[in-house]
Amino acid sequence: MGVGFVNNVKTAILMGALMGLIVAAAAAIGGPQALVPALVIGGVMNIGAFLFSHKIAIASMRGRELTAETGGDLYRMVEELSANAGLPMPKVYLCPHQAPNAFATGPSPSKAAVAFTQGAVELLDREEMRGVIAHELAHIKNRDTLISTIAATVAGVFSMLAYWFLMFGGMGMGRGGGNPLAMIGVILLGAVGAAILKSMISRSREFVADADGARIAGSPHGLVSALQKLEAYAGRVPLRQPNPAANNMFIVEPMISQAHGGGFSLGNLFASHPPTPKRIEALLRDGY
């Protein structure tokens with residue numbers, strides 16, 4: 001079985017685990033009184049974010065849209081690889097940041113965009129850029145923004161439950177005699193667990209996008225070389241972007257170095273990307 005299949009299964013299991021945390025929290029607090037409004041409010045907020053976050057992300061990165069006339073070889077590569085992937089041509093943006101990075105965004109393949117920093121365009125050669133483009137197109141093809149939104153919705157419910165419990169005494173929860181301290185403990189632990197599961201889902205989707213991107217590009221070697229360069233520059237030229245919560249969008253996680261090689265640490269639990277050496281290992285191991 002390929003890495004893509006394994007990590008798709010892993011994503012499904014992790015999404016199920018997120019929903020299991022919701023059920024466990026509901027049982028612990030003695031009823032669905034806070035759960036239903038939290039789901040509704042969290043869902044509305046995240047649907048709004050899903051529909052409009054791509055515009056916010058592009059604006060926050062000061063992206064300038066490129067056309068066939070202004071985009072040169074970069075635009076032509078996106079056009080070629082989009083056809084390879086069976087996708088509509090996304091909008092292409094160039095962001096005036098020296099930190100080399102790239103991201104894809106948009107609520108659907110028909111309304112998608114890919115963006116590249118000036119640093120990435122200057123640093124990467126043609127084959128490396130093709131690997132990066134293909135990786136981002138794989139995110140679009142796999143509708144990873146939708147998966148991230150669902151995960152964020154479920155994770156956000158726990159934050160709302162904890163806030164309501166602290167501010168309003170649990171909204172009447174626990175009237176059956178449950179221990180309030182135990183209940184808030186369950187909710188807070190659930191919030192931490194949900195955040196960890198959300199990060200694990202993001203990391204799993206990166207492996208899938210790497211594998212599918214290698215297929216779109218026709219070879220893993222451009223992406224492997226690009227990841228090595230991007231990782232090397234990540235710590236030296238940090239990306240100053242205004243919303244750290246959106247770090248999972250980028251091909252390598254901004255503002256932190258993952259040169260630790262994947263050993264256990266608290267930071268690894270909440271990291272939105274797997275360690276770059278593990279991504280490279282998976283690409284070279286599976287072959288295309």
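Scope of the values below: all heavy atoms of this structure, side chains included, with no hydrogens, waters or symmetry mates. In what follows, residues are counted from 1 in the order of the sequence shown.
Pairing each heavy atom of F207 with each of K278, the nearest pair is CE2-O, 3.8 Å. Across N101 and V252, no two heavy atoms sit closer than the pair ND2-O, 3.0 Å. Contact record, L223 with G131: CD1-O, 3.7 Å, taken as the closest heavy-atom pair. The two residues A115 and I58 have their closest heavy-atom pair at CB-CD1, 4.1 Å. Taking each heavy atom of P88 and P109 in turn, the nearest pair found is CG-O, 3.9 Å. Listed here is the closest heavy atom pair of A134 and L81: N-CD1, 4.2 Å.
For the atom pair CG (D144) and NZ (K141), the distance works out to 12.5 Å, reported to the nearest 0.5 Å. Expressed to the nearest 0.5 Å, how far CD1 of I280 lies from CZ of R285 amounts to 12.5 Å. Rounding to the nearest 0.5 angstrom, the gap separating the CG atom in L123 from the CE atom in M129 is 8.5 Å. Remark: S202 OG to M249 CE distance equals 11.5 Å, nearest 0.5 Å. Atoms OG1 and CG, from T70 and L94 in turn, are 9.0 Å apart once rounded to the nearest 0.5 Å. Annotation: the span from L66 atom CG to L74 atom CG amounts to 6.0 Å, rounded to 0.5 Å.
The salt bridge (charged side-chain N to carboxylate O under 4.0 Å, His left out) test applied to E206 returns R279, not counting sequence neighbours. Scanning for ring pair (Phe, Tyr, Trp, His ring centres under 6.0 Å) contacts around F116 gives an empty result, with sequence neighbours left out. Scored by the side chain to side chain donor-acceptor pair (under 3.5 Å) test, K91 finds no partners at all (sequence neighbours excluded). Residues passing the side chain to side chain donor-acceptor pair (under 3.5 Å) test with E127, sequence neighbours excluded: none. For E122, the side-chain contact (heavy atoms from CB on, under 4.5 Å) criterion is met by Q98, Q118, not counting sequence neighbours. Under the side chain to side chain donor-acceptor pair (under 3.5 Å) criterion, R64 pairs with no residue, sequence neighbours left out. Checked against salt bridge (charged side-chain N to carboxylate O under 4.0 Å, His left out), R126 has the following partners two or more places apart in sequence or in another chain: D73. Take S110 and apply the side chain to side chain donor-acceptor pair (under 3.5 Å) test, not counting sequence neighbours, and it matches S108. By the salt bridge (charged side-chain N to carboxylate O under 4.0 Å, His left out) test, E80 is found to be paired with R130, residues two or more places apart in sequence or in another chain being considered.
Applying the ring-ring contact (aromatic ring centres under 6.0 Å, His included) rule to pairs touching residues 124-148 yields H135-H139, sequence neighbours excluded. The stretch residues 216-229 participates, sequence neighbours left out, in these salt bridge (charged side-chain N to carboxylate O under 4.0 Å, His left out) pairs: E128-K229.
The side-chain heavy atoms of I251 and L227, taken from C-beta on, include a pair separated by under 4.5 Å. For the pair L230/V132, a side-chain contact is recorded, criterion being any heavy-atom separation below 4.5 Å from C-beta on. Counting heavy atoms from C-beta outward, V114 and I133 have side chains that stay 4.5 Å or more apart. Two residues are said to be in side-chain contact when any heavy atoms from C-beta on lie closer than 4.5 Å; E65 and V92 fail this criterion. Contact annotation: the side chain of S82 approaches that of P90 to within less than 4.5 Å [non-hydrogen atoms, C-beta and beyond]. Side-chain contact between T117 and F250 is absent, with no heavy atoms from C-beta onward closer than 4.5 Å. At a threshold of 4.5 Å between non-hydrogen side-chain atoms, the residues Y75 and M89 count as touching.
Distance alone, capped at 3.5 Å, is enough to place a donor-acceptor pair between the S60 side chain and the A57 backbone.
I56 and I140 are not part of a single hydrophobic cluster, where members link through side-chain heavy atoms under 4.5 Å apart.
More than 12 heavy atoms of other shown residues, nucleotides or ligands fall within 6.0 angstrom of atom OH in Y93.
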Inset, instruction - Evaluate the side-chain contact (heavy atoms from CB on, under 4.5 Å) criterion for residues L87 and L137: first the C-alpha distance (whole Å), next the side-chain angles of each, then the deciding distance (0.1 Å), finally the verdict. - result: CA-CA 8 Å; L87 288 170; L137 292 174; 4.1 Å; yes
